[in-house]
Amino acid sequence: MRYDFNKIEKNWQDYWAKNETFKASNTSDKPKYYVLDMFPYPSGAGLHVGHPLGYIASDIYARYKRHKGFNVLHPQGYDSFGLPAEQYAIQTGQHPAITTETNIATYRRQLDQIGFSFDWSREVRTSNPEYYKWTQWIFIQLFESWYNNNSNKAEAIDTLITKFTSEGNTTVNAACDENIEPFTAEDWNGYSSEKQQELLLKYRLTYLAETEVNWCPALGTVLANDEIVNGVSERGGHPVVRKKMTQWSMRISAYAERLLQGLDTIDWTDSLKESQRNWIGKSVGASVSFNVIASEAQQSANSEKQIIDVFTTRPDTIYGVSFMTLAPEHELVSQITTADQKADVEAYIEKTAKRSERDRMADVKTISGVFTGAYAEHPFSKEPIPIWIGDYVLASYGTGAVMAVPCGDQRDYDFAKYFNIEIPNIFEDIDISEEAYGSKDNVKIANSDFLNGMNYKKATKRAIYELEQIEQGEGKTNYRLRDAVFSRQRYWGEPFPVYYVNGMPQMIDKAHLPIVLPEVEKYLPTEEGEPPLGRADVWAWCTEFNSVVSNDKINNTTIHPLELNTMPGWAGSSWYFFRYMEDAANRGETFASEDALKYWENVDLYIGGSEHATGHLLYSRFWVKLLKDRGFVNVEEPFKKLINQGMILGTSAFVFKLNLMWQDTTFHRGSEDYLKDLAQKLPTILCSTDVYQKYFSDGLSLFELNEKHDLPELDTFLNNVDTNQVDIHKLSFGETMIHTDVSLINSSNELDIEGFKNWRKGYKDVSWIFEDDKTYKVFRDVEKMSKSKYNVVNPDNIVADYGADSLRLYEMFLGPLEQYKPWNTAGITGVHNFLKKMWKLYVGENGLNVNGAEPTKDNLKTLHKTIKKVQEDIENFSFNTSVSTFMIAVNELTQQKCTSKEILQPLLVLISPYAPHIAEELWERLGNSESISTTPFPTFDASHLVESSKNYPISFNGKMRFTIELPMDMSKDDIEAAVLANEKTIAQLDGRTPKKVIVVPGKIVNIVG
RNA sequence: GCUGAAGUGGUGGAAUUGGUAGACACGUUGGACUUAAAAUCCAAUGUCCAUUAGGACGUACGGGUUCAAGUCCCGUCUUCAGUACCA
């Protein structure tokens, strides 16, 4: 009976589906365990072998936990809103919903054939109205919440209104817009409803405001900070500019501190936590107010006193301030600039405004700035301080202004040096003639009045105290984390449940959700520059009938326009893990029932790519905290443990195409143009890698190459070279590497020539230079898998040729889960042979090899060391080493000719998480009628591993020479005596007396001397 | 620049607390079976020297601690990832 993996795998996949083997229950006596993968965006290209890596790892863990007696939730779904489907729609007119549906079908087919233990009954799709109904609902919750800094949590907006009605806003300590005017209860009650709404918007956790956004003209939409990489859009790499627009924003900054603190409570990698910490960017220091010294003109005009607020992490260096720098965009710049400096300042502002974000980032070395002509007054010394503007100060961080302390900050130092500004030294015994002293350690403050002689810690405390005394500053913590822009000018996303009355946003009542995405003719922005939803004809809200109606009915009394933006990609993915908790049957009334949320709590193990470190993983945490504060869920963090799987890279294959190369000495006369022309005419010659590399290192010329090989085209070519112009013997060659489809390469890197000729029609009649054995060897290099590099490997082919179990084992066998590693299909024969060998251990020519034979000591030892190792490996997510362990176990048991059911049956349970199909098949053949999936994991018994003797390595000065078999229970002294008496030891010592003998019982003996 | 991860045969990688470096595979070479191929099985395979016995070297590089270092410490280099005039 041969191992017919295709048939076996199909059978068991059908069995699991039919019996709903992996359907999770929300009521169980078993402890719960929730294993989640980051759900995929269903792209048109389908899966390549890199995609399932994380899914296989999580599936192994989920299956292992079932064997360990847990009630496991292991769901899967699709993040199905997104740009590619929309762009396809723009090009073809195909509705994104149809494209998405087709792609999902492909994904599902591909996933199913790998044999995952997903509970598909709980599938979610973010683009389904019954799903995004709840995304809209959460948006409304955010709108109806404000963040109370006193209770340190979000509260219902009603509680804020109550406060305003009775106390005004002066006693409210909220995370809100800056510069909100103070008002009393009387004021509030006297305000118009519109004025009240306007004010409330400044407190809501999602708010509509004119903000400076990242506008991507090529994509026609705004982008969040995490969607921009190196100054260009993450998708497509298009330029991004700053632009003021009215947009929905999420007040994530309210949660900055809790997002930071929460990191200490979860089991994520340090690098990931560090990314989030950097993104949140907490810095502790002080805010300081500097009064601007009014010019004579201002004094006579009796204008208001101007104040520049700055944030500093070094209030202790306040006496080192010798100038101030404002961002060119700072609002005070135009007011304080003197008439003399006006022209220079305006020119500078114009110059910097023209530079894109990217240019500014690329060029951080150039120092530039302009003096405004104005001065500020030092809060303590009352000395005048010149005010400059410079683009090294960013408008978007802190207050957009800095107090420059050149002796303590390198950028201030460089600026001061460049513009010849004074650099006062306020550090005791520190030389600042070459560079600033940026460290806080090992230094005492000097020349600083009341701070003299203090260290950083003391001086900081005192400076803040003194600033507070004169009411010109206070201790302050600043965060880099900005509020997240939540509007996108796209079609294929969640519509907002929002309509506008006189320009003020109104929420549609929860009872009328979902607001379903309207139909449009085209998926482009309108001619007027409105988002695609501006093309919808039926996109107005009727407050009488609570329904979406035709736009012509808009009367601004009962029927109002709806929001035209849609939500960003991260909206639907910020809460999907809760949706899975509910049985599909009970998903009507809530996003997940209280019981389900209480039972499953949060995700125990989350596996996905590291590219979501600052986007999805931060936004999800934010939304979960909001939902917790408002009493909808019970957990503070969504993902207890998180693992990033590394990417699987492709092993690209290249053929070398020869091209012409020359040096100056190649010319006799004439011009280089002749050679360039000649280069065009060189016949196409493909040279095998090893041959090429040998020729290249030998420095062979083209002429010599022609002599070695019989290449008629090259011969003709060389005969036609004008030898008056060119020294033909000095004509050399180089190579152009041409990507070749990896499916044309065999395991020895040999190219399938006929296949290549058919694949690349342009290369049908080229000249070939082969190896001595008449093969063509390609050059290989590791790159990211991509269609354009022809190195994509489709799992469908692997499953057809070797089976899902082989694919699963091989993906794990490649290396540590978290590491980047290259795929090489050739290696799969290793694990495939292992499965065949394992099959043979159980099934012989004439039926089962397994019987009731009493297990031998060796059998038991092999089994139990395998149990121990595999269990440890799974718990450490070291899946690659367990695959080796299985190989060793099967090799040993084959060697031992083991037929004992007592050994071979538990072995199947160990392998079942990794290769579930073959495990189920053999399990059934051993006479079991139930699926192996919930069979208890075998228990490790250490007594089987106890050895009576040890093969001691004997080393001399740390170098192992030979081994001696000695009893385990031998004493240290006896071991020493036995080793020294051994003839090999005597021969090794050659008459010398050892200085010292180290004996580590059970480990090693080392003889020094 | 800063932060994090890493550097081991021809290749992917193993070595859990310092204790036999290179497990397990791929590839390569040789052999068996076969008319032949595939499949399967057996053997060898870190480098260098040596007919053998054996020896020297060897975990990016340079030092150090130790009876003993891939593993610990100090310094240097390289690669990858993230991030950046963050005041």
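When reading the values below, keep in mind they use all heavy atoms of this one structure, side chains included, and skip hydrogens, waters and symmetry mates. Just so we're on the same page: letters track the sequence lines, and every chain starts at 1.
- Proximity of a side-chain donor or acceptor of A:Lys996 to a complementary backbone N or O of A:Val1008 within less than 3.5 Å is not detected.
- Of the residues near RNA chain B, A:Ser884 and A:Arg411, the one whose nearest nucleotide (by heavy atom distance) lies more toward the 5' end is A:Ser884.
- Base orientation of B:rG64: anti (glycosidic angle beyond 90° from 0).
- Each of B:rG12, B:rA87, B:rU83 was ranked by its minimum atom distance to the side chain of A:Arg480; first place goes to B:rU83.
- Between the CZ atom of A:Phe290 and the C1' atom of B:rA87 there is a distance of 12 Å, given to the nearest Å.
- B:rG19 and B:rA25 are spaced 27 Å apart, taking the C1' atom of each and rounding to whole Å.
- A:Asp412 places its CG atom 10 Å from the P atom of B:rC86, with the value rounded to the nearest Å.
- Looking at A:Glu892 and A:Lys861, no side-chain N of the basic residue comes within less than 4.0 Å of a carboxylate O on the acidic one, giving no salt bridge.
- Between B:rA37 and B:rA32, the two C1' atoms lie 16 Å apart (nearest whole Å).
- Nucleotide B:rC77: paired with B:rG7 (Watson-Crick or G-U wobble, both distances less than 3.5 Å).
- As rounded to whole Å, 13 Å separates atom C1' of B:rU71 from atom NZ of A:Lys1003.
- Spacing between atom CD of A:Gln276 and atom P of B:rA81 amounts to 20 Å, rounded to whole angstrom units.
- Between A:Lys869 and A:Glu872, none of the side-chain N atoms (NZ, or NE/NH1/NH2) sits under 4.0 Å from a carboxylate O, so this pair counts as no salt bridge.
- Residue contacts shown for A:Val1008 are limited to sugar-phosphate atoms, with no base heavy atom under 4.0 Å away.
- Taking the ring centroids of A:Tyr319 and A:His378, they lie under the 6.0 Å cut-off.
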Output one line per pair: protein atom, nucleotide atom from nucleotides 27-33 of chain B, and distance, for all N/O pairs under 3.5 Å.
{"unit_1": "B:rU28", "atom_1": "OP1", "unit_2": "A:Ser748", "atom_2": "OG", "d": "2.5"}

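- Here the nucleotide nearest the side chain of A:Tyr397, chosen from B:rU20, B:rA87, B:rA84, is B:rA87.
- Atoms CD and OG, on A:Gln472 and A:Ser287 in that order, are 11.0 Å from each other to the nearest 0.5 Å.
- Looking at A:Glu274, its side chain has no donor and acceptor atom pair within 3.5 Å of the base of B:rU3.
- Residue A:Asn749 is out of contact with every strand shown, counting any heavy-atom pair closer than 4.0 Å.
- Partner assigned to B:rU35 is none, using Watson-Crick or G-U wobble distances below 3.5 angstrom.
- Using Watson-Crick or G-U wobble geometry with both donor-acceptor distances under 3.5 Å, B:rU28 finds its partner in B:rA44.
- Look at B:rG82: its Watson-Crick or wobble partner, with both distances under 3.5 angstrom, is B:rC2.
- When the C1' atom is used for both B:rG58 and B:rU3, the distance is 34 Å, rounded to whole Å.
- Screening A:Lys417, A:Arg411, A:Gln410 against A:Tyr413 for a side chain to side chain donor-acceptor pair (under 3.5 Å) leaves a single residue, A:Lys417.
- Nucleotide B:rU16 is matched to nothing when pairs are restricted to Watson-Crick or G-U wobble geometry with both distances under 3.5 angstrom.
- When the P atom is used for both B:rG10 and B:rA84, the distance is 40 Å, rounded to whole Å.
- Each of A:Ile888 and A:Gly958 has a nearest nucleotide on RNA chain B; the 5'-most of these lies closest to A:Ile888.
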As a quick check of understanding, evaluate side-chain contact (heavy atoms from CB on, under 4.5 Å) for A:Val1005 and A:Leu966, giving each step before the final call.
CA-CA 11 Å; A:Val1005 177; A:Leu966 292 171; 5.8 Å; no
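- A:Asn880 comes within contact range of the sugar-phosphate backbone alone, with a heavy-atom separation under 4.0 Å but no base atom that close.
- Taking atom C1' in both B:rG62 and B:rU83, the straight-line distance is 31 Å, to the nearest Å.
- Rounded to whole Å, the separation between the C1' atoms of B:rA21 and B:rA68 comes to 14 Å.
- Classification of A:Asp270 and A:Arg277 as a salt-bridged pair fails, no side-chain N sitting under 4.0 Å from a carboxylate O.
- Within the nucleic acid shown, A:Arg961 comes within 4.0 Å of sugar-phosphate atoms alone, with no base atom in reach, counting heavy atoms only.
- With values rounded to the nearest 0.5 angstrom, A:Gln819 atom CD is found 11.5 Å from A:Ile648 atom CD1.
- Counting only heavy atoms from C-beta on, A:Leu394 has its side chain closest to B:rC86 among B:rC86, B:rG19, B:rU16.
- Across all strands, A:Lys273 comes closer than 4.0 Å to no nucleic acid atom at all (heavy-atom distances).
- Within the 4.0 angstrom heavy-atom criterion, base atoms lie near A:Asn1006.
- A 6.0 Å sphere centred on OH of A:Tyr418 holds no more than 12 heavy atoms belonging to other residues, nucleotides or ligands.
- Summarising the geometry, the separation between CE on A:Met960 and C1' on B:rC67 is reported as 17 Å, rounded to the nearest angstrom.
- Taking atom CG of A:Asp781 as the reference point, atom P of B:rU11 lies 13 Å away to the nearest angstrom.
- Comparing B:rA39 with B:rC48, their C1' atoms are spaced 38 Å from each other, to the whole Å.
- Distance, A:Lys821 NZ to B:rC80 P: 18 Å, rounded to whole Å.
- Put simply, CG on A:Leu649 and CE on A:Met785 are 8.0 Å apart, with the number rounded to the nearest 0.5 Å.
- Per the geometry, CH2 belonging to A:Trp268 stands 17 Å off P belonging to B:rA5, to the nearest Å.
- Residue-level contact check: A:Gln819 touches the backbone only, with heavy atoms under 4.0 Å from sugar-phosphate atoms and none from bases.
- Taking the six-membered ring for Trp and the full ring otherwise, the centers of A:Phe419 and A:Phe323 sit at least 6.0 Å from each other.
- When the nucleotides B:rG4, B:rC85, B:rG12 are ranked by their closest atom to the side chain of A:Tyr392, B:rC85 comes out on top.
- The listed nucleotides are B:rA87, B:rU16, B:rU20; the one nearest the side chain of A:Lys869 is B:rU16.
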Could you list all N or O pairs between the protein and nucleotides 40-45 of chain B that sit under 3.5 Å apart?
{"unit_1": "B:rU40", "atom_1": "OP1", "unit_2": "A:Asn833", "atom_2": "OD1", "d": "2.8"}
{"unit_1": "B:rU40", "atom_1": "OP1", "unit_2": "A:Lys836", "atom_2": "NZ", "d": "3.3"}

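- Both distances falling under 3.5 Å, in either a Watson-Crick or a G-U wobble arrangement, occur for no nucleotide opposite B:rA87.
- B:rG75 sits 28 Å from B:rA14 when the P atoms are compared, rounded to a whole Å.
- With both pairing distances under 3.5 Å, B:rA53 is matched to nothing as a Watson-Crick or G-U wobble pair.
- Salt-bridge annotation for A:Lys777 and A:Glu750: present, with a side-chain N of the basic residue lying under 4.0 Å from a carboxylate O of the acidic one.
- Closest to the A:Trp279 side chain, of the nucleotides B:rA87, B:rU83, B:rG19, is B:rU83.
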